[in-house]
Protein chains: 2
Amino acid sequence: MAGSVGIRDVAARAGVSIGTVSNVLNKPDLVSEETLIKVQRVIDELGFVRNDLARQLKMGGGTTFGMIVLNVANPFFAELAHASETAAEQLGCTVVLGSSDQLPRREERYIDLFEEQRVRGMLIAPLDGPTARIRRLRERGTPLVLFSNHRDTGDFCTVAMDGDAGGYLAVSHLVEQGRRHIAFLGGPLHQVQDRWTGAMRACAETSGVKLSHIDTADQTIADGRAAGSGWPDCRRIGPTPSSRRTICLRSG
Amino acid sequence: MAGSVGIRDVAARAGVSIGTVSNVLNKPDLVSEETLIKVQRVIDELGFVRNDLARQLKMGGGTTFGMIVLNVANPFFAELAHASETAAEQLGCTVVLGSSDQLPRREERYIDLFEEQRVRGMLIAPLDGPTARIRRLRERGTPLVLFSNHRDTGDFCTVAMDGDAGGYLAVSHLVEQGRRHIAFLGGPLHQVQDRWTGAMRACAETSGVKLSHIDTADQTIADGRAAGSGWPDCRRIGPTPSSRRTICLRSG
DNA sequence: CTGTTAGCGCCTTCAC
DNA sequence: GTGAAGGCGCTAACAG
């Protein structure tokens, strides 16, 4: 009794043809006002819900974007998702989110899922740069944008942080605040190479400043804080200057 | 040249029939090993991707769950999403996330979207309890679970916090730490009635403890912190005892 | 303006 | 084990 109400049931009940119901749904202008409200009423009565699967099948794809982030709990991605949804909304589209949870298998799974569902495009924060699967995805025609801190995103459309500038900015700020021994918390160095380079550069500008790297398995706020709390004379200071300026875009 | 590769192209190229390709995809056991790998190879060569829209249309629904949260940036929901995805994975299903952003319009939009896409079920953190739309959704047959702090979730399947217990626990903890003037940060009181009640109860158990309510528009961590920083003698203290025990389930 | 027709791409049931 | 036919629910063209 649920999704079993089809467009043809509505047509029968309203005494019109199947095509007219379709018009009511998609091109209301082409229908006489009388027929329009009659059909609308039947739709409500029967609780008809358009089957978007059939619709998209016919139309060759829908208006949904797929977005894959590393971790929904990460405020960076949360903000990204938020902004994407808002932007999509203005285009009459919607964004569905998948969290890879830093698991390659999950990432692949969502990629496949979204591709099979024929999303209009995908926004991916790749776990490890553009994998073969991601390349194939684009070659097959799915519009793609990558969120990545890696330099090696090839010719993909990318929105990324300028890690070098960010690292420099952050450390400079700390040094200006009078700090002299600075901990750099982050994943494996090769994953945050740019930030580390920038940080070292800032570090070298003032003598007597020491920089130490602490590896944190996950990139959660909580992890960072836990690591920090074990640091001697660790304290919270004011916010860094806005880093918005360190975002860089590349169109591939 | 993208999604234009259909099952029939594969069949032709591999010199088998359409039905056989379908079997390779869904019931590999029924296909001779020879044919199997031959078809597999063609699938890779052609870059065939099964059209899930057609598949679900035929099968009458897919294996995807829709989840609607108030705000992906909220760690509570992030954790919820995370856990849901993991659970779904074990069932061979996937969860797609939508953030209503506390906007009724968005909530409705995602509900409609997911229903039209014939999701297997929905997990909703309703903005304002079970609306008429949500009721209809269930009546039409979509399996539903609500995440809600409201008492008035009727006979819906619900997973919620025991707000009263939580408020009591939190304030008791603060009092034990020696605090005497406690700020209660949260949305409008009617939305957090239970927590407030519990807080007051704990407050009443020790004389000289004062409780003040501060309304925060959004329920973000940042908001809470900002509000807190304006409070005299405000400081961070150790974590509260695990509140896992304050989760309650209801099956409707 | 409204009715009719022909698929979208796939899966399933039945013969072979 | 494999092949052919029918239809899931809908939309886009036309014909009326």
Side-chain angles (χ1 to χ4, degrees), chain A residues 1-40 42-43 46-63 112-113 115-120 140-141, chain B residues 1-40 42-43 46-63 112-113 115-120 140-141:
Chain A
M1 61 177 282
S4 55
V5 184
I7 201 175
R8 86 183 61 202
D9 299 306
V10 177
R13 186 90 151 71
V16 299
S17 94
I18 213 179
T20 301
V21 178
S22 176
N23 281 338
V24 170
L25 259 37
N26 306 302
K27 296 162 188 162
D29 318 334
L30 304 187
V31 182
S32 78
E33 183 146 351
E34 188 188 8
T35 321
L36 192 71
I37 58 179
K38 181 174 59 179
V39 173
Q40 285 283 25
V42 174
I43 286 181
L46 264 46
F48 165 75
V49 177
R50 180 238 263 102
N51 187 328
D52 202 45
L53 298 167
R55 178 172 211 263
Q56 289 186 206
L57 174 57
K58 182 62 181 169
M59 313 245 296
T63 70
D112 290 349
L113 179 74
E115 191 180 13
E116 288 177 0
Q117 299 200 1
R118 299 293 189 268
V119 294
R120 193 192 190 80
R140 285 185 198 131
Chain B
M1 58 176 285
S4 54
V5 184
I7 201 174
R8 86 183 64 204
D9 299 306
V10 177
R13 187 89 151 71
V16 299
S17 94
I18 276 178
T20 302
V21 178
S22 176
N23 281 339
V24 170
L25 260 36
N26 306 302
K27 295 163 188 160
D29 319 334
L30 304 187
V31 182
S32 77
E33 184 148 348
E34 188 189 8
T35 322
L36 192 71
I37 58 178
K38 180 175 60 179
V39 173
Q40 285 283 24
V42 174
I43 287 182
L46 264 46
F48 166 75
V49 178
R50 179 238 260 101
N51 187 329
D52 202 45
L53 299 166
R55 177 170 212 264
Q56 290 186 205
L57 174 58
K58 182 62 182 170
M59 314 248 297
T63 70
D112 290 350
L113 178 74
E115 191 181 13
E116 289 178 358
Q117 300 202 9
R118 299 292 189 269
V119 294
R120 191 191 191 80
R140 285 186 198 130

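Numbered from 1 within each chain, the chains take letters A, B, ... in sequence-line order. This structure is a prediction, so every number in the text was calculated from the model and none was measured.
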Within the structure, does a side-chain N or O atom of [X] lie under 4.0 Å from either OP1 or OP2 of [N]?
X	N	value
A:Arg118	C:dC8	no
A:Arg55	D:dT11	yes
A:Thr20	C:dT2	no

Send over the distance from [X] [atom1] to [N] [atom2], rounded to a whole Å.
X	N	atom1	atom2	result
A:Leu25	D:dC10	CG	P	8 Å
A:Ile18	C:dT4	CD1	C1'	10 Å
A:Lys58	C:dG9	NZ	P	9 Å
B:Phe48	C:dC10	CZ	C1'	8 Å
A:Asp52	D:dC8	CG	C1'	15 Å
A:Gln117	C:dC8	CD	P	21 Å
A:Asn23	D:dC10	CG	P	14 Å

Give the nucleotide from the list [options] with an atom nearest to the side chain of [X].
X	options	answer
B:Arg8	C:dC11, D:dT11, C:dC8	C:dC8
A:Ile7	D:dC10, C:dG9, C:dC11	D:dC10
A:Ala54	D:dG9, D:dT11, D:dC8	D:dG9
B:Asn51	D:dA4, C:dC11, C:dC10	C:dC10

What one should report as the nearest heavy-atom pair of A:Leu53 and B:Leu57 is CD1-N, 4.3 Å
Taking every heavy atom of A:Arg118 against every heavy atom of B:Val49, the minimum-distance pair comes out as NH2-O, 2.9 Å
Distance-only, no hydrogens or angles: does the B:Arg140 side chain make a donor-acceptor pair with backbone N or O of A:Gly47 under 3.5 Å? yes
Determine whether a donor-acceptor pair (N or O, by modelled atom type, separation under 3.5 Å) exists between the side chain of B:Asp9 and the backbone of B:Gly6.
yes
Sorted by position of nearest nucleotide on DNA chain D, 5' first, the leading residue of B:Gly15 and A:Gly19 is B:Gly15
Numerically ordered, the residues 28-37 of chain B set in heavy-atom contact under 4.0 Å with DNA chain D is B:Leu30, B:Val31, B:Ser32, B:Thr35
With the side chain counted from C-beta on, respond yes when [X] and [Y] share a heavy-atom pair under 4.5 Å apart, and no when they do not.
X	Y	answer
A:Gln56	B:Gln117	yes
A:Thr35	A:Val39	yes
B:Lys38	B:Val16	yes

The residue, B:Leu57 or B:Lys27, whose nearest nucleotide of DNA chain C is more 5′ is B:Leu57
Please classify the nucleic acid contact of B:Asn26 as base, sugar-phosphate, or nothing, using heavy-atom distances under 4.0 Å.
sugar-phosphate
